[in-house]
Each structure stands twice: as structure tokens, then as C-alpha cells.
Protein chains: 6
Amino acid sequence: MNVVVQNTERADPEVIKGLGECGVATVHEAQGRKGLLAAHMRPIYTGVRLGASAVTISAPPCDNWMLHVAIEQIKPGDILVLAPTSPSNSGYFGDLIATSAQAHGCVGLIIDAGVRDISDLTEMNFPVWSKAIFAQGTVKETIGSVNVPVVCANELVNPGDVIVADDDGVCVVRREEAADVLEKAHAREANEAEKRARLKSGELGLDIYDMRQKLADKGLKYV
Amino acid sequence: MNVVVQNTERADPEVIKGLGECGVATVHEAQGRKGLLAAHMRPIYTGVRLGASAVTISAPPCDNWMLHVAIEQIKPGDILVLAPTSPSNSGYFGDLIATSAQAHGCVGLIIDAGVRDISDLTEMNFPVWSKAIFAQGTVKETIGSVNVPVVCANELVNPGDVIVADDDGVCVVRREEAADVLEKAHAREANEAEKRARLKSGELGLDIYDMRQKLADKGLKYV
Amino acid sequence: MNVVVQNTERADPEVIKGLGECGVATVHEAQGRKGLLAAHMRPIYTGVRLGASAVTISAPPCDNWMLHVAIEQIKPGDILVLAPTSPSNSGYFGDLIATSAQAHGCVGLIIDAGVRDISDLTEMNFPVWSKAIFAQGTVKETIGSVNVPVVCANELVNPGDVIVADDDGVCVVRREEAADVLEKAHAREANEAEKRARLKSGELGLDIYDMRQKLADKGLKYV
Amino acid sequence: MNVVVQNTERADPEVIKGLGECGVATVHEAQGRKGLLAAHMRPIYTGVRLGASAVTISAPPCDNWMLHVAIEQIKPGDILVLAPTSPSNSGYFGDLIATSAQAHGCVGLIIDAGVRDISDLTEMNFPVWSKAIFAQGTVKETIGSVNVPVVCANELVNPGDVIVADDDGVCVVRREEAADVLEKAHAREANEAEKRARLKSGELGLDIYDMRQKLADKGLKYV
Amino acid sequence: MNVVVQNTERADPEVIKGLGECGVATVHEAQGRKGLLAAHMRPIYTGVRLGASAVTISAPPCDNWMLHVAIEQIKPGDILVLAPTSPSNSGYFGDLIATSAQAHGCVGLIIDAGVRDISDLTEMNFPVWSKAIFAQGTVKETIGSVNVPVVCANELVNPGDVIVADDDGVCVVRREEAADVLEKAHAREANEAEKRARLKSGELGLDIYDMRQKLADKGLKYV
Amino acid sequence: MNVVVQNTERADPEVIKGLGECGVATVHEAQGRKGLLAAHMRPIYTGVRLGASAVTISAPPCDNWMLHVAIEQIKPGDILVLAPTSPSNSGYFGDLIATSAQAHGCVGLIIDAGVRDISDLTEMNFPVWSKAIFAQGTVKETIGSVNVPVVCANELVNPGDVIVADDDGVCVVRREEAADVLEKAHAREANEAEKRARLKSGELGLDIYDMRQKLADKGLKYV
């Protein structure tokens with residue numbers, strides 16, 4: 001029942017990097033407005049934008065044992081994604097485990113629970129998106145699983161899915177859809193660049209998107 | 001039923017500017033402790049203090065169509081104030097619409113819902129006070145109204161009311177009371193400057209405000 | 001019933017300083033994982049780490065009168081700890097009272113309610129950990145007590161207890177346990193330094209802590 | 001600034017009664033999907049459905065003095081609507097004030113704060129819709145206003161507006177629109193009765209509302 | 001992208017019924033403490049215990065169009081499970097749609113959003129577990145999907161999975177594990193019956209479960 | 001560090017019973033408006049009013065081992081009071097443990113966490129006031145303490161303190177103050193009976209409490 005799945009597949013590193021550069025809002029739209037983790041997932045410091053491959057952890061509430069297990073499964077460029085099996089704010093993760101994860105090439109953590117030592121993590125350039133900042137210690141008594149599908153912050157994440165995270169929050173892209181989503185995201189960016197220029201010049205969205213007649217048809221009145 | 005009210009009145013620009021300089025706490029006190037939007041309205045970045053004239057938007061939940069309609073009604077120095085008709089965290093507003101709003105002189109956004117592209121907005125110096133940061137996309141299917149009275153974050157805002165916003169949150173001042181409130185805010189600032197000097201020198205509020213007898217009368221005992 | 005307790009005892013200043021330097025997570029662990037205030041207590045600005053002696057305030061909801069009473073009881077190096085008797089977000093504390101408190105040597109405020117003028121407080125280097133940032137004014141009508149035991153953010157704080165606060169939140173240490181906790185915190189730091197070096201070199205926690213057999217015994221399977 | 005407005009107008013009693021019989025969901029739809037108070041407003045006991053004329057109270061946080069003032073303004077069939085000027089869970093209202101209000105013909109209370117003595121209130125058949133059930137006592141130190149417009153649970157309520165409340169929550173109808181809304185609510189009920197019969201017989205909404213083509217046009221696929 | 005999956009498989013009706021009779025807590029334990037929907041999912045009335053086969057709905061926020069589509073897919077004994085793609089409290093479901101669903105054999109609704117007409121639904125014996133009770137109307141503008149995997153209240157639900165719901169909340173059992181889980185649940189019930197009798201007679205859990213030595217080993221002291 | 005304190009003192013059973021009959025609101029007022037547990041503590045079923053002596057439990061998050069330890073310390077008329085050391089919604093308590101507790105004379109449970117099997121508990125007439133209803137299972141891995149002071153729902157509870165609980169929530173009375181508080185509560189009830197009669201006859205609180213002049217002095221205007 002409790003397993004560690006080894007040798008999971010990852011998406012193409014170039015695709016992962018590309019998705020990270022596009023950012024959460026663009027990727028979310030490009031894949032049909034899906035994949036966002038809940039809005040309570042906030043970065044411990046701002047200014048990071050990344051794409052990474054998920055190593056998932058299903059952990060008991062207030063028990064961080066499986067983090068040590070998961071680190072052995074990390075390959076450079078991976079990100080840890082931890083979902084507790086019952087809601088918890090406890091501080092599963094701090095600077096010691098971060099040191100270990102970073103030594104193995106881990107680029108960050110997504111955790112639907114608490115994190116601590118955030119000033120150390122900030123100095124280490126180890127970004128975390130979490131539900132809470134809380135120093136509450138955890139135990140190492142009960143096992144969970146690594147690299148199984150988890151629901152994290154109301155969204156399904158499979159091992160090897162691509163995580164995109166920035167100041168807006170966190171978005172997951174299915175591994176097998178990643179290349180296709182990147183293509184759509186690039187198309188979206190190209191389209192937006194042209195729109196941005198027109199909007200910056202003062203042209204109205206009402207005219208660019210040809211909305212006036214539709215609004216009138218819906219019954220909007222100017223008074 | 002769904003209308004866009006054009007040519008609404010605005011307060012005197014000097015009064016609006018003066019209120020902005022006084023800041024939220026002072027203005028709130030000066031007008032008799034009223035007008036504060038709920039504490040969940042937080043800035044996406046700190047360090048801004050502004051006064052601006054409200055262009056109001058009553059929008060359906062998770063539908064940002066009316067933002068495009070509202071931008072046409074903006075005059076330089078205005079701020080958009082969006083209240084959804086049902087609670088929503090969706091990201092109604094991002095860098096593209098901000099580009100359009102800024103091109104028309106809009107100085108910011110107050111939204112009792114979500115916002116996205118916050119790193120872009122920060123770079124653009126486009127401040128937003130919101131309930132949530134969330135990349136969730138919205139639709140453009142249902143109309144609302146522009147420049148009608150709205151209840152935003154538990155406070156009534158009329159078009160043309162003055163919005164004061166800073167790191168403490170957001171306060172609304174009725175357009176017709178704005179000049180009077182500014183005068184009271186200035187009086188309050190003058191009074192506080194004198195108090196601040198005395199308190200800084202170590203004099204106690206207990207003595208400055210003559211509280212010792214009143215506290216004893218209420219029954220306070222020193223032990 | 002409503003009292004101001006004068007001349008409360010404080011811990012040794014060197015111990016207080018030492019605990020502050022260890023920080024919240026370490027101190028919390030060193031004293032057996034107790035003493036953390038609730039996770040909703042967040043700093044108004046980041047980057048501060050302090051230890052200080054508590055001057056406690058039991059205040060009525062939305063009434064800040066007792067803050068003025070408490071300031072007279074401050075000695076240099078103290079921190080104010082305010083617990084309302086009923087939940088409140090109101091802004092009990094702003095730049096004027098902070099000026100007074102700072103003039104008497106107060107190094108900060110812990111408040112399970114609201115604070116305002118946070119940009120001024122940031123400029124003054126006066127740190128606050130609070131439940132809310134909210135400009136809502138308070139009254140001075142009802143008395144409370146100073147330097148009595150209070151429950152603040154779900155944790156008991158006695159006058160003279162040591163408060164440790166940083167970006168992770170707030171922890172309280174009993175005055176009479178402070179020296180002992182400091183010793184344990186230093187031992188913990190020494191131990192962590194060695195672990196950090198090994199983890200940084202890539203050694204796994206699984207091996208350092210000898211976990212592999214215990215995990216197998218609990219039933220963990222690698223697949 | 002703090003006033004008691006006497007002799008406010010009320011809607012036609014037959015209209016008020018009719019709106020109450022239609023219930024919250026129907027009235028809310030009939031008036032164009034507006035007027036709902038926030039979803040946190042819940043009844044202390046279920047099974048009540050009423051329409052009543054609002055006597056509004058703007059009260060300081062944790063201070064119930066104005067309730068006594070408001071009761072003098074009650075006419076039989078009125079309902080009290082209390083909005084605190086800052087968020088509060090305190091128990092403003094209990095069985096003693098309810099006894100007084102009921103003696104003057106008051107049919108209930110809408111309060112965006114706390115209520116207590118709920119088993120007594122249930123026995124008295126005095127319904128309350130509130131944000132919280134909490135026994136926390138209040139003071140009588142600061143005045144507010146009676147029969148002024150208030151924002152209660154994120155919705156504007158004017159004195160004399162019609163309140164409709166049932167197990168679904170609370171809805172407000174503007175006094176001057178009440179007769180018109182009742183007419184539309186009755187039309188809606190008539191229409192729904194016919195629909196309900198068809199749906200009960202097993203006919204599908206897809207067919208009754210002729211949705212199949214529209215869904216296909218939007219791109220819905222059956223697989 | 002938006003699909004209606006027809007002819008999904010269901011578990012054996014006897015197994016579904018058996019799981020319903022065991023109830024949420026027993027089934028949750030029997031399947032290894034997994035499958036619980038978040039604690040905010042509460043019944044609109046108490047006293048129901050059921051097992052049913054899930055017809056899932058992925059719906060846009062504040063848009064209930066897909067409910068009509070889903071009803072056509074219902075077979076007797078099914079339950080609707082609706083997950084909005086962005087958080088919403090709106091009242092997607094009321095007595096009219098319930099009439100239609102019930103006519104097709106639907107035994108209830110699980111919805112991570114709002115429901116309305118709850119007194120009618122109670123009279124109809126149509127149980128609902130929801131995040132909110134709220135009369136807010138929805139639109140029919142944007143399509144979603146029916147009978148695709150959804151994350152509802154932080155838990156994955158596939159079409160044809162078994163839903164167990166009672167006063168404790170909601171639990172999901174994978175269709176392919178249902179028979180096995182039922183067997184384990186029955187074993188658990190048998191074991192509990194024996195334990196219950198011993199506990200009722202006054203025997204202590206400390207002795208029945210042989211805990212005294214383990215507690216002493218962990219360091220528990222009696223004083 | 002982890003202890004079970006045996007043979008704690010209890011208040012006089014007649015005093016405990018008397019306090020229970022007075023109820024939460026009266027007792028809270030009688031002791032100077034203190035002692036209320038947070039408003040999130042709600043009964044799993046309504047209609048109970050009780051007084052009982054506290055057996056306290058400090059338990060790790062999501063670990064219910066100490067409940068079994070505590071039951072051995074129960075004497076007839078006691079109530080269990082469980083405070084987790086870190087926030088948790090998990091279902092620490094269900095019908096099996098309730099059977100054991102009830103067999104030893106326990107009259108209920110106060111828990112700042114989750115409870116499950118609530119329909120069974122209701123049938124057993126075993127009342128619980130909790131933060132959550134949630135079936136999430138707990139473990140038995142980490143020890144805590146029994147009959148030590150705990151902070152439960154933001155309020156300090158000592159072993160042997162008197163718990164008063166009813167539909168309004170939960171209040172704690174210090175053991176050593178219990179007799180005095182009961183006397184004051186009875187005085188309050190006597191006074192309220194007279195007031196209730198006058199209010200029921202239609203006399204106004206404004207007159208009974210002689211408020212008119214004070215309101216005018218504060219500046220209240222009738223218009």
C-alpha cells in the first residue's frame with residue numbers, strides 16, 4: 001500500500017524550461033484553463049518563476065518522514081510536491097532538509113501544509129510555495145508514499161508532471177501534454193505581444209475584440 | 001438593468017491628491033471612523049500611497065467582460081473598483097488589461113476578487129488591492145454595469161467617490177464630503193505631529209491625554 | 001478584577017538575547033515542540049529576529065486604552081503582547097503609540113488583532129507580529145489588565161516570559177525555563193551544523209539517520 | 001453624525017408578506033439576481049420563512065447599546081438588521097433583548113455578528129440569521145445610528161427595505177421595488193410549477209429548455 | 001476538450017449498498033484511511049447514510065449548465081458529484097433540478113459549491129453534501145464535462161466510483177476496489193462489535209489494546 | 001515531560017451542577033466576561049446544557065493515543081477536554097472511545113479538533129463540542145499528557161476546572177472560583193427574571209436602564 005516508485009518518466013527538459021518561462025497564467029490559459037492549485041498556495045518570497053518535474057509525496061499529517069525518502073528519488077531539475085493525507089499546517093520542511101534536497105539538484109518545494117526557516121530558505125535561493133508558514137515540528141512515525149498520484153491543493157499531480165510556479169501561484173501540466181501545451185503557450189504569447197502594443201497605444205479592448213455589438217445585443221445601455 | 005453611466009462627477013483633483021497623501025488611517029479617522037474596506041483587501045506590492053477617483057464595476061462572478069467596458073470611461077487619475085455579484089477569487093485582471101487601463105490614465109485597481117500577472121503589474125508600477133492572487137481565467141459571457149453604486153469588500157462605493165489606498169488597505173470617501181474630510185485630516189495631522197514629539201521625548205500617553213483619573217474611576221488597580 | 005502588575009520579573013538579558021539569536025524553529029524544538037503562537041501571527045515586514053521579555057496586555061475587543069497603561073510598565077528590551085478578550089481585527093496600534101513605546105525601549109509588539117500605519121512602523125524599525133493589518137480605529141472606554149497571564153493566539157503568555165519572533169512566527173518560552181532552553185537550543189544548533197555539512201555533501205538523511213530498516217519494517221516497498 | 005431616524009416608510013404589508021412566502025431563492029432571481037447577503041448568514045434554527053420591514057442599526061464593534069435604541073423604533077412586523085462598523089463575533093443579542101423586541105412586534109433579527117441564548121430564542125420562536133453563535137458579552141459605551149443605510153454582510157440595506165429570510169439565507173428588496181419584485185416572483189413561481197411537473201414526469205431539461213443544439217455549438221462532444 | 005462520457009461502468013449494486021450501510025468512518029478506515037472529501041462538505045440535513053455510484057461533473061464557476069447534461073446520464077442509484085473549475089459558493093442546484101434528477105433515479109448530490117432551496121430538498125428527501133448553502137443564481141453560458149475524473153473537495157473522484165456519505169461527511173471508493181473494501185469494512189465491523197462490548201463493560205482500551213508497556217517505553221510518567 | 005497527573009481535585013458536585021444549569025452566557029457574564037472558548041466550538045447536536053469537571057488532554061496532532069490514557073483518569077461526572085499541540089481537524093474520537101468513556105461516567109467531550117461517528121454519538125446521548133466533524137483516522141504513535149493545563153480553543157483549561165457547555169458554546173470556570181461564580185450567576189438570574197417581566201410587558205430598555213440622558217450626552221440625535 002505504501003510505495004516508493006522509482007525511475008518515473010520526466011518530460012523533455014527543454015519543454016519544462018520553456019513552460020517555466022511562460023509562467024503560470026499563460027500556461028493555465030494555454031492548456032484550457034485547467035491545472036491551477038488552490039489560491040492559498042503562496043510563495044515564501046517573490047520574484048521566482050520556474051518549471052520543474054514533480055516528485056510527489058503523499059505524507060501523513062504532521063509527519064515528514066517521507067521527505068527523506070523522496071530526496072533519494074530526486075534528479076537535478078526536479079521539484080518536490082507534498083500533499084498531506086489530512087489537512088495540516090505543520091512545518092514539514094526547513095533549512096536542513098532543503099540543504100539535502102538542493103544538494104541533489106532539487107529546485108523547490110510545493111507543499112499543501114507548512115514550511116519553516118523561511119529566512120534561511122530565502123538566503124539559500126530555495127523557493128517554496130506553501131499553505132502556511134509555521135514552525136511546528138513534525139514526527140517521523142508513519143509512512144506514506146513517493147511518486148504516486150496525489151491531490152495537492154485541490155489539484156491532481158502525477159509524478160513526472162510539469163510544475164510551473166511563479167508569483168501568481170502554481171500550475172500543473174500533464175507530462176504527456178507538456179510539449180503541446182508549450183506550443184500553445186508560445187502562440188498565446190505571440191498573440192498577446194501584438195495586443196499589448198495596440199492596447200498600450202490607447203486602442204480599446206472594446207474595439208480590438210469587437211465587443212460593442214455583442215454587448216448591445218446582451219442589453220447593455222449607455223446612459 | 002445593466003448600464004454604463006457616463007460623465008460621472010469627480011472630486012477636485014487637489015482634494016483627491018491631498019487625501020491620498022494623508023493615507024488610509026488618517027482619512028478613516030478624520031471622517032468619523034467609517035469607509036474602510038474589509039481587511040482582506042491587500043496590496044500586491046507595498047510602498048504605494050494614493051488618492052484617486054472611483055470608476056465602479058459591478059461584474060458577474062468569474063466574468064471580466066465589464067473591465068473592457070469600464071476602461072473607456074476612465075479619465076486620468078481614476079482608479080477601477082470592481083465588485084463581483086457573487087464571491088469569486090478568479091483572476092479578472094492581468095497585465096494586458098492593465099496596459100490598456102494605464103494607457104488611459106488609470107492609476108490602479110481595487111478588486112474584491114482575484115488578480116494575476118502580479119510580477120508584471122509590479123514592474124509596470126500598476127498597484128492593485130485585491131482579495132486574492134489567483135491565475136484562474138475568466139469568461140466574457142455575461143454583462144454587468146459600470147459606474148453604478150457597488151458594495152466592494154463590505155463597503156459602499158459610488159462612482160466618483162475618492163479612494164485612498166496604501167499599505168494599511170483601502171478607504172472610501174464620499175465625493176461630496178471629500179473637501180471637508182481633507183480639512184479634518186490635515187487638522188488631525190497637525191495635532192498628531194505635536195503629540196508625536198511629546199511621546200518621542202518619553203512623555204506618557206497616560207499624562208498627555210490625562211487618563212490616570214479616568215482609569216482609576218473605572219476601577220483599575222495597580223498591584 | 002482589572003489590575004496592572006508592576007515590577008514583574010524578567011529573565012537574564014543574555015539568555016533573552018541568546019534565544020532570539022537561535023530563532024523560532026530552533027527554540028520551539030529545543031523546548032519540546034511547545035510554545036508556538038498560531039500560524040496566523042505574521043510579521044508586518046520580514047528580516048527581523050529578536051528575543052524580548054513580555055509585557056502582557058489583556059484588552060477588551062476594539063479598545064486600545066490599556067496600551068497606554070502598559071507602556072509605563074516597559075523596561076528597555078521588553079516587547080508588548082496584546083490579547084483581546086474577544087476576537088478583533090481592529091487596528092489597536094499605530095505609529096503614535098509605537099513612538100511612545102519605542103521611546104521607552106520597547107522592541108516590538110505581538111498582537112492577536114490588527115495593526116495600522118505599517119509603512120511608518122517599517123520606517124521606524126518597529127516590528128509587529130499580528131493577526132491582521134487593518135486601519136479600523138479603536139475606542140478608549142473599557143479597561144483591561146496589564147502583566148497578567150494571557151492567552152494570545154492560542155498560547156499562554158505570562159508577564160516576563162521570553163518572546164522569540166522571526167519570519168517563521170512567534171514562540172514563547174517560560175521565564176523560569178529560559179536558561180535551560182537556551183542550552184538545549186545551542187546543543188541543537190551544534191548538532192545541526194554537523195548534519196548540515198553532511199547533507200550538503202550529498203549524503204542522504206536516510207543514511208545519516210539510519211532510517212532504511214525502520215521504513216522497511218513499517219512496510220515501505222520500493223517498486 | 002449619530003442619528004436615530006424616526007418614522008421611516010415601510011412597504012405595503014401585503015407585499016412584504018407575499019415576498020416572504022416566495023422565499024429567498026425566488027425573490028433573488030425575480031429581482032435580477034441581486035440583494036443576497038453573504039453566505040455566512042445562517043439561521044439559528046431551520047424551518048422559518050418570513051418577509052419583514054428593516055429597522056437598521058449601525059453599531060460599534062462589540063457594543064450593543066443601539067439595540068435598545070432601535071427597539072423603540074419598531075412597529076409590528078419589523079425586523080432588526082444590525083451591521084457592526086468593524087467585524088465582530090460578539091453576542092450582541094440574547095433572550096432579554098429578544099423579549100423586549102418581541103413585545104414590540106419585532107419578528108426577527110439579521111446580524112452580521114454574534115448572537116447568544118439560542119436555545120431560549122428557539123423556544124421563543126424568535127428567529128435570527130447571524131454570522132456567529134457566541135456568548136461573548138458586549139458593552140454599552142459608544143453610540144451608533146438607527147435607521148440609516150447600512151452594509152450588512154456585503155449588501156446595502158436601507159431602513160424600510162424588505163427583508164426575505166429562510167433556510168437558504170437572507171435577501172433584501174428595495175422598498176420602492178417591492179411590489180414590482182413580488183409580481184415578478186409570482187410569475188416565476190407560476191412558470192416553475194409547469195416546469196416542475198414536466199421534470200417530475202421525466203422529461204429532460206435538455207429538451208424542455210431546448211439546449212442540445214446550443215451545447216453542440218459550444219463544442220460539447222458525446223463519447 | 002469538453003466531453004460527455006456515456007455508458008460508464010458501475011460497481012455491483014449490492015457492494016454499493018453494503019458500503020453505504022457501513023458508513024463513512026468505517027469505509028475510510030477499511031480502505032487504508034484514504035478517500036475522504038474535505039471537512040467542509042456538510043449535509044443539508046442529518047440522518048442520511050447512503051452508498052451510490054458517481055456521475056461526475058466538471059463545471060465552470062457559477063455556471064450550472066452541465067447539471068442538465070449530467071441528468072441524462074443518470075441511472076437509478078446514481079449520485080451527482082459536481083466540482084467547479086474555480087472556487088464558487090453559488091447555488092448551482094435547487095428544487096427544480098432536484099425534481100428532474102430524482103425522476104431519473106438520482107439519490108443525491110455531492111457539490112463543492114453552493115446549493116439552494118434546502119427546505120424543499122429536505123421535504124423531497126433529496127440529500128445534498130455541499131460547501132455552502134447560498135441562493136446565488138448561476139448562468140448557462142459555458143460548457144464543462146460529464147463523467148470525467150474530477151477533484152472534488154481535494155479528493156479525486158472518477159465516474160463510477162462509489163460514494164459513501166452520512167452525517168460525518170463523504171468518502172469515495174474506487175470502483176475496482178469496492179468489493180475488496182466492503183469485505184474489509186465488514187471485518188472491521190465484526191472486530192469493533194467485540195471491542196465495543198468489552199469497552200461498554202468498563203474494560204479499558206489501555207488493557208484491551210495492550211498499551212501500557214508501549215506508553216512507558218515512550219516515556220509516559222504517572223505522577 | 002509527558003505526564004499523567006492522577007487524583008486531581010474537583011469542584012463541589014452541587015456547584016458544578018448549578019453552573020451547568022445556569023448555562024454558558026450567564027456564567028460567562030457572572031465571572032466578568034471571561035472563560036469562553038472560541039466561537040468555532042460547536043455542539044454536534046443541540047439541546048444539551050451541562051456542567052462537568054475537566055480531565056484535560058494535551059495530544060499530538062492527528063494522534064489519539066492519549067484519549068485511552070485519559071479515560072482511566074475519569075470519575076463519574078467528568079468531561080474530556082482535548083487540545084492538540086498543532087491545529088488538526090482529524091477525527092480523534094468516535095463511537096468506540098465514546099462507549100469506553102461513557103462506561104466510566106464521562107458526560108461529554110470538548111475537542112479543538114475533529115470528531116466522527118456523530119450519528120452514533122447522538123444516539124448514545126454523548127455530547128461533543130468540536131472544531132470539526134471529520135472522519136479522518138488518527139494514529140497511536142506519539143505520547144502527550146493528561147491532566148496538565150492546556151490551551152483549548154484559545155482559552156486556558158486546568159484539570160479540575162468546571163466546564164459549562166450548551167448550544168451557545170463552551171465556558172470554563174476556575175475550580176477555585178466556581179462557588180463564587182455560581183453565587184453571582186444566581187444573582188444575575190434573579191435580576192434578569194425581573195427585567196424580563198418588565199421588558200415582556202413592553203417597557204423599554206431605554207427607560208428601565210435609564211439610558212436616554214446618557215445617549216443624549218454622547219451626542220445621539222433623533223431626526
Side-chain angles (χ1 to χ4, degrees), chain A residues 23-43 46-49 129 153-154 164-171 188-189 191-212 214-223, chain B residues 1-8 44-45 62 64-74 88-91 93-105 113-124 130-148:
Chain A
V24 168
T26 295
V27 168
H28 158 70
E29 290 283 347
Q31 69 178 342
R33 296 192 175 163
K34 68 180 188 187
L36 282 182
L37 275 64
H40 65 244
M41 298 298 286
R42 299 298 305 141
T46 57
V48 180
R49 172 168 286 190
W129 287 257
N154 213 42
V164 181
D166 61 21
D167 294 349
D168 284 352
V170 185
C171 188
R188 191 175 169 88
E189 282 187 332
N191 177 49
E192 285 198 347
E194 185 248 332
K195 290 283 168 23
R196 189 175 294 107
R198 292 174 67 181
L199 291 166
K200 198 162 189 175
S201 76
E203 214 176 332
L204 286 165
L206 289 176
D207 298 314
I208 295 176
Y209 305 112
D210 200 17
M211 292 168 167
R212 293 187 190 273
K214 285 174 216 147
L215 289 162
D217 292 350
K218 290 271 184 174
L220 188 67
K221 302 286 179 220
Y222 284 76
V223 297
Chain B
M1 194 129 236
N2 291 110
V3 297
V4 180
V5 179
Q6 302 175 91
N7 305 315
T8 55
I44 58 168
Y45 59 92
C62 310
N64 76 345
W65 206 1
M66 298 314 286
L67 272 161
H68 288 284
V69 176
I71 286 171
E72 192 177 26
Q73 306 306 318
I74 284 178
S88 170
N89 280 342
S90 290
F93 192 91
D95 80 301
L96 270 189
I97 304 189
T99 299
S100 178
Q102 204 172 46
H104 288 261
V115 61
R116 67 185 188 183
D117 298 329
I118 67 162
S119 46
D120 296 320
L121 297 175
T122 304
E123 269 179 47
M124 291 169 65
S130 72
K131 183 171 75 167
I133 297 165
F134 198 35
Q136 174 68 43
T138 52
V139 294
K140 288 176 183 59
E141 295 283 2
T142 309
I143 60 172
S145 292
V146 171
N147 278 334
V148 295

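Proteins come first, then strands; the chains are lettered A, B, ... in the order of their sequence lines, and each starts at number 1.
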Among [options], residue most engaged with chain B (heavy-atom pairs, under 4.5 Å):
options	answer
A:Lys195, A:Arg42, A:Met41	A:Arg42
A:Ala39, A:Gly219, A:Gly205, A:Ala38	A:Ala39
A:Arg212, A:Lys218, A:His40	A:Lys218

Side chain to side chain, [X] and [Y], heavy atoms closer than 4.5 Å:
X	Y	result
B:Leu121	B:Phe93	yes
B:Lys140	A:Lys214	no
B:Val4	A:Leu215	no
A:Arg33	A:His28	yes
A:Glu192	A:Glu29	no
A:Asp207	A:Arg198	no

Heavy-atom contact with chain B under 4.5 Å, split by part of A:Leu37: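 When you check distances to chain B, only backbone atoms of A:Leu37 fall under 4.5 Å.
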Region of [X] that comes under 4.5 Å of a non-hydrogen atom in chain A:
X	result
B:Ile133	both
B:Met66	side chain
B:Gln73	side chain
B:Val148	neither
B:Asn7	neither
B:Thr138	backbone

Residues, nucleotides or ligands: over 12 heavy atoms within 6.0 Å of A:Lys221 NZ: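 No, NZ of A:Lys221 has 12 or fewer neighbouring heavy atoms, counting only those of other groups under 6.0 Å.
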Find the one option among [options] whose heavy-atom pairs under 4.5 Å with chain A are most numerous.
options	answer
B:Val69, B:Ile97, B:Asn89, B:Asn147	B:Val69
B:Leu67, B:Asp95, B:Thr122, B:Thr142	B:Asp95
B:Asp117, B:Val146, B:Val5, B:Val115	B:Asp117

Gap between atom CD of B:Gln136 and atom SG of B:Cys62 - 0.5 Å precision: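 Between B:Cys62 SG and B:Gln136 CD, I get 7.0 Å after rounding to 0.5 Å.
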CG-CH2 distance between A:Leu220 and B:Trp65, expressed to the nearest 0.5 angstrom: 8.5 Å
